[in-house]
Amino acid sequence: MSTTTKRRPSVFAIPWRTPAGRFSWLKLITLLLCIAPTPFILWQWRTDNLGSRPVHHAMLETGFWAIRFLILCLAVTPARALFDWPRVVMLRRMLGLAAAFYTIAHIGLYAWDEGFALGFVVSQMLTVFYLILGTIATVGFIALSITSTDAAMARMGKKWKALHRLIYPVAILSLWHFFLTQKVEVGVAMVPAGLFVWLMLWRASAPGFRRSVPGIAILAVASVLITALGEALWYKLNSGINPWLVLDANFSTARISAAAFVAIDLAILMGLVIARRVQKRASASP
């Protein structure tokens with residue numbers, strides 16, 4: 001009589017191995033890319049490239065990297081569908097944990113920048129609006145990180161999916177916090193916001209439409225327009241600048257605007273999707 005041993009869900013797993021325990025170059029490369037910003041920031045610090053306030057600038061850098069990894073984490077599901085690439089799902093946990101790590105580093109550097117005056121730091125995080133947003137997002141990140149293990153998934157069952165849908169409000173709060181930290185040039189925050197808009201429009205669209213190249217293009221155009229309009233509205237509400245001037249600057253060639261960066265990113269995505277589908281057709285043909 002044969003018996004089968006059921007694999008117990010693990011709390012800790014070797015990050016470069018698949019759920020089946022096999023070595024994965026894809027996961028190893030992703031892990032190295034997740035780690036890479038840390039030595040880069042330390043190198044900038046060491047070589048005096050972080051300006052006169054290195055702790056402050058390191059804090060800003062870690063916050064920006066948290067946003068980047070958050071957007072990449074949210075992009076896993078579209079990547080799986082558009083590239084017919086099931087293995088990419090293995091990267092979602094790692095990218096989410098990277099976003100959480102840089103968020104926590106961001107908070108730690110903020111405390112350092114304030115001389116570790118913890119009473120003042122906590123008071124600010126609970127009373128200043130943009131810091132309240134960041135605090136709530138950080139608590140969400142911590143909750144999602146703690147419950148990201150296989151053991152937590154098995155223990156929580158259906159509740160796990162419900163909890164991890166919090167990634168969307170956490171993303172919105174993080175982007176909102178990022179916007180409010182940009183005192184002068186909001187364009188740097190508009191780029192991840194525009195990509196987030198595309199990701200949400202993609203999720204809200206019908207499956208057949210969002211997988212088609214025309215559908216991807218229509219969603220891209222909509223996201224670029226929303227990015228441009230959002231930037232114009234932001235400057236109108238916060239600085240009183242004529243929004244038509246901002247829109248004109250967005251669609252001029254004098255500078256590369258946030259909307260242009262979003263358009264470039266989504267054009268690259270479309271090119272990769274088309275190339276992948278041509279490659280699949282070529283490999284399927286006799």
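Side chains are part of it too, since the values below use all heavy atoms of this structure and drop only hydrogens, waters and symmetry mates. Everything quoted here is computed from the prediction, not taken from an experiment.
- Side-chain contact between R203 and L199 is present, with heavy atoms from C-beta onward closer than 4.5 Å.
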In sequence, state the C-alpha distance, the side-chain angles, and the governing distance for L97 and F69, and then conclude on side-chain contact (heavy atoms from CB on, under 4.5 Å). CA-CA 9 Å; L97 289 174; F69 283 115; over 6 Å; no
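- Atoms OG1 and CG, from T138 and L133 in turn, are 10.5 Å apart once rounded to the nearest 0.5 Å.
- Rounding to the nearest 0.5 angstrom, the gap separating the CG atom in L72 from the CD1 atom in I67 is 11.5 Å.
- A 4.5 Å side-chain heavy-atom check between L26 and W85 finds at least one atom pair inside the cut-off.
- Heavy atoms from other residues, nucleotides or ligands lying under 6.0 Å from CH2 of W160 number more than 12.
- With rounding to the nearest 0.5 angstrom, the CG atom of L166 is 11.5 Å from the CZ atom of F141.
- Considering all non-hydrogen atoms of both residues, I132 and L126 come closest at CD1-O, 3.5 Å.
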Decide yes or no on side-chain contact (heavy atoms from CB on, under 4.5 Å) for R53 and D113, but give the supporting numbers first. CA-CA 9 Å; R53 297 178 61 191; D113 195 40; 3.1 Å; yes
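- A heavy-atom distance below 4.5 Å is not found between the side chains of T227 and V197.
- Shortest non-hydrogen contact noted between K27 and M94 is O-CE, 3.6 Å.
- The side-chain heavy atoms of F261 and M190, taken from C-beta on, include no pair separated by under 4.5 Å.
- Between P192 and I71 the shortest heavy-atom distance is O-CD1, 3.7 Å.
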Give the intermediate values and the outcome of side-chain contact (heavy atoms from CB on, under 4.5 Å) for residues V191 and D265. CA-CA 9 Å; V191 176; D265 288 341; 4.2 Å; yes
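- No side-chain heavy atom of N49 sits under 4.5 Å from any side-chain heavy atom of H57.
- A distance-only check finds a donor-acceptor pair linking the side chain of S205 to the backbone of L201 [under 3.5 Å].
- For F209, the CZ atom is densely surrounded, since the number of other residues' heavy atoms within 6.0 Å is greater than 12.
- One distance of note links CD1 of I104 with CG of L109; it measures 12.0 Å at 0.5 Å rounding.
- The aromatic rings of W112 and W45 are tilted relative to each other, their planes meeting at an angle between 30° and 60°.
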For side-chain contact (heavy atoms from CB on, under 4.5 Å), just list the numbers for L266 and W198, CA-CA rounded to whole Å, side-chain angles, deciding distance to a tenth of an Å, and then say yes or no. CA-CA 9 Å; L266 294 176; W198 186 88; 3.7 Å; yes
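- In this structure, CZ on R165 lies 10.5 Å from CG on L163, to the nearest 0.5 angstrom.
- Taking all atoms of both residues into account, the shortest heavy-atom contact from Y235 to V186 is OH-N, 3.1 Å.
- For the pair F178 and F64, the minimum side-chain heavy-atom distance is below 4.5 Å.
- Taking a 6.0 Å sphere around CZ of R87, one finds it holds 12 or fewer heavy atoms contributed by other residues, nucleotides or ligands.
- No side-chain donor-acceptor contact under 3.5 Å links Y102 and R68.
- Residues L70 and F196 are not in side-chain contact: their nearest non-hydrogen atoms beyond the backbone lie 4.5 Å or more apart.
- Residue Q124 holds its CD atom at 7.0 Å from CD of E114, rounded to the nearest 0.5 Å.
- Side chain of R80 to main chain of V89: no donor-acceptor pair is present (N/O by atom type, distance under 3.5 Å, no hydrogens or angles).
- Side-chain atoms of T149 and R93 form no donor-acceptor pair, as typed in the model, at a separation below 3.5 Å.
- Applying side-chain hydrogen bond (donor to acceptor under 3.5 Å, both in side chains) to D84 and the options K280, R211, R277 leaves one that passes, K280.
- Annotation for C34 and P37: closest pair O-CD, 3.4 Å, computed over non-hydrogen atoms.
- By the 6.0 Å and 45° rule, R46 does not stack over the aromatic ring of W43.
- No continuous path of ILVMFWY side-chain contacts below 4.5 Å connects I142 to I107, so the two sit in separate hydrophobic clusters.
- Residues L74 and L272 share a hydrophobic cluster, clusters being chains of Ile/Leu/Val/Met/Phe/Trp/Tyr side chains in contact below 4.5 Å.
- Remark: side-chain polar atoms of T135 are paired, donor with acceptor, to backbone N or O of M125 under 3.5 angstrom.
- Taking the side chain as every heavy atom from C-beta outward, V121 and Y110 approach each other to under 4.5 Å.
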